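Worth saying up front: this structure is predicted, and the values here are computed from it rather than measured. Here is the naming used below: chain letters follow the sequence lines, and residue numbers restart at 1 for every chain.
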2 protein chains.
Amino acid sequence: MDSRPTNSELEILNVLWRIGPCSVRDVFEELNKTRTTGYTTVLKLMQIMAEKGLVTRNEQNRAHIYAAQRSESDTQRSLLDDFVDRAFGGSAHRLALHVLGSKKSSEEELAEIRQLLERLEEKS
Amino acid sequence: MDSRPTNSELEILNVLWRIGPCSVRDVFEELNKTRTTGYTTVLKLMQIMAEKGLVTRNEQNRAHIYAAQRSESDTQRSLLDDFVDRAFGGSAHRLALHVLGSKKSSEEELAEIRQLLERLEEKS
DNA sequence: TCCATTATACGAAGAGTTTCGTATAATGGA
DNA sequence: TCCATTATACGAAACTCTTCGTATAATGGA
């Protein structure tokens, strides 16, 4: 019931999060800016997502309006939990080290992380 | 050729990384500590993984000995890249913030991260 | 009104993943 | 030596994911 989005579903969710509730056509056009895909493919996926409860659907108008059911950060948290378990044996801090060590971060980003660290250390 | 491990494959790799090169039976028993799965299921998966090059296989003895082809941290790096793109729109630092914010870290772990941060800040 | 356009609905193909049954071969103890 | 045990090999079923063709219905402009 609490099904995790597949890769394609996540791609669609990303559009919904970015541009807000919209029609299949809107998502279709958005996706086709970066890759080629068929209209009915997107439609089918979004219908399935509605069945799964990943999106809600307003059927007032002819072109139904879809919206993401869960927030981006909620979803990310779930995916992250899964991922940490699967790929990092549950060790979140090892994942953090990997991220910080292998990806370039800007000064601002580093500052933000340092700030968060300080808050965490205060609490303990 | 550089195929990413599936979930089941990753589960097997985790065993190989943890206990080192071993037989199908060893992996089978290890997996069955936490969940139920059939022997031939594990065997088949590991045969496929050998074909894909995810593991190497020593056929000297009757019970072949399998070993992970790529290191744990190498594999994690690849998976991480994928994951960051898919789930966090490519923003590694947002992922890091998520990890640090939502998962409890020990003092030692925080210290380790702070150290890494300092090294990163020196370099810039 | 008629028709081109554009929706949704639906089924099914094709690929990949996971599972397991069965066949067959090696091994070693009674 | 025989046989129970335990390997590998292999094929195929069951599922999921992704894609798309086709049917059908609504809409609106000429």
Side-chain angles (χ1 to χ4, degrees), chain A residues 1-16 21-32 34-67 75 78-79 82-83 85-87, chain B residues 1-16 21-32 34-67 75 78-79 82-83 85-87:
Chain A
M1 199 84 304
D2 179 30
S3 72
R4 308 252 179 279
T6 65
N7 285 1
S8 294
E9 288 169 348
L10 199 47
E11 220 172 359
I12 290 172
L13 286 176
N14 272 316
V15 172
L16 293 178
C22 62
S23 67
V24 172
R25 173 135 324 256
D26 292 332
V27 172
F28 165 73
E29 277 167 5
E30 207 52 31
L31 289 181
N32 273 274
T34 51
R35 67 186 194 89
T36 309
T37 184
Y39 177 83
T40 55
T41 301
V42 179
L43 170 66
K44 180 70 167 186
L45 279 171
M46 292 176 76
Q47 286 172 338
I48 292 172
M49 290 169 77
E51 276 174 25
K52 290 186 185 175
L54 288 172
V55 297
T56 57
R57 178 162 75 163
N58 181 334
E59 305 183 0
Q60 284 295 109
N61 303 307
R62 183 156 93 98
H64 302 169
I65 297 301
Y66 291 76
T75 305
S78 297
L79 291 170
D82 259 19
F83 182 67
D85 282 347
R86 275 198 312 110
Chain B
M1 201 79 308
D2 180 30
S3 74
R4 306 252 180 278
T6 66
N7 286 359
S8 295
E9 288 169 348
L10 198 47
E11 220 173 358
I12 289 171
L13 286 176
N14 272 314
V15 173
L16 293 178
C22 62
S23 68
V24 172
R25 172 130 330 249
D26 293 331
V27 171
F28 165 72
E29 277 167 5
E30 206 53 29
L31 289 181
N32 273 273
T34 52
R35 70 186 193 89
T36 309
T37 186
Y39 177 82
T40 54
T41 302
V42 179
L43 170 67
K44 180 69 165 187
L45 279 171
M46 292 176 76
Q47 285 171 341
I48 292 172
M49 290 169 77
E51 275 175 23
K52 290 185 183 176
L54 288 172
V55 296
T56 57
R57 179 161 75 163
N58 181 335
E59 305 183 0
Q60 284 295 107
N61 304 307
R62 183 156 94 98
H64 302 169
I65 298 300
Y66 291 76
T75 305
S78 298
L79 291 170
D82 260 18
F83 183 68
D85 282 346
R86 273 198 316 112

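Straight-line distance from the CD atom of A/Glu11 to the P atom of D/dC17: 15 Å, rounded to whole Å. With rounding to whole Å, B/Ile65 atom CD1 is found 16 Å from D/dT6 atom P. Distance, B/Leu43 CG to D/dG11 P: 14 Å, rounded to whole Å. Put simply, CD on B/Glu51 is 15 Å from P on C/dT18, counting in whole angstrom units. As rounded to whole Å, 10 Å separates atom P of D/dT6 from atom CD of B/Glu29. Counting to the nearest Å, the P atom of D/dT8 and the CD1 atom of B/Ile48 are 14 Å from each other. Distance CG (B/Leu45) to P (D/dA12): 19 Å, rounded to an integer number of Å. Between the CZ atom of B/Arg4 and the C1' atom of C/dG16 there is a distance of 16 Å, rounded to whole Å.
Closest heavy-atom contact between B/Leu45 and B/Ser8: CD1-CB, 3.9 Å.
Residue A/Ala63 has its side chain nearest to C/dA7 when only D/dA9, C/dT19, C/dA7 are considered. Nearest to the side chain of B/Arg35, among C/dT19, D/dA7, D/dA9, sits C/dT19. In this structure, the nucleotide among C/dC10, C/dT17, D/dT18 sitting nearest to the side chain of A/Asn7 is D/dT18. Taking the side chain of A/Arg25 as heavy atoms from C-beta on, and the options C/dA9, C/dA7, C/dT19, the nearest nucleotide is C/dA7. Candidate nucleotides C/dT8, C/dT18, D/dT8 were compared by shortest atom distance to the side chain of A/His64, and C/dT8 ranks first. Closest to the A/Thr6 side chain, of the nucleotides D/dC17, D/dT19, C/dC20, is D/dC17.
Between B/Tyr39 and C/dT19, a side-chain N or O to OP1/OP2 separation shorter than 4.0 Å is absent. Remark: B/Gln47 is not in phosphate contact with D/dC10, judged by side-chain N or O atoms under 4.0 Å from OP1 or OP2. For D/dC17, the OP1/OP2 oxygens have a side-chain nitrogen or oxygen of A/Lys52 closer than 4.0 Å.
Here D/dA30 sits opposite C/dT1 as a Watson-Crick or G-U wobble pair (both hydrogen-bonding atom distances under 3.5 Å). The partner of C/dG11 is D/dC20, by the rule that a Watson-Crick or G-U pair needs both atom distances under 3.5 Å. Of the nucleotides present, D/dT6 is the one that pairs with C/dA25 by Watson-Crick or G-U wobble criteria, both distances under 3.5 Å.
The CG atom of A/Leu43 sits 10.5 Å away from atom OG of A/Ser23, with the distance rounded to the nearest 0.5 Å.
Side chains of B/Ile48 and B/Leu54 form no contact here, defined as non-hydrogen atoms less than 4.5 Å apart. Side-chain atoms of B/Met46 and B/Val55, non-hydrogen and from C-beta on, never get closer than 4.5 Å to each other. A/Val24 places none of its side-chain heavy atoms less than 4.5 Å from the side chain of A/Gln47. Put simply, the side chain of B/Lys52 reaches to within 4.5 Å of the side chain of B/Glu9, judged on heavy atoms.
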Go along nucleotides 21-30 of chain C 5' to 3' and tag each nucleotide: B for a protein heavy atom under 4.0 Å from its base, S when only backbone or sugar atoms are that close, - otherwise.
BB--BBS---
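Relative ring orientation between A/Tyr39 and A/Phe28 is described as perpendicular, the plane-to-plane angle rising above 60° on a 0-90° scale split at 30° and 60°.
At most 12 heavy atoms of other shown residues, nucleotides or ligands fall within 6.0 angstrom of atom CD in B/Gln60.
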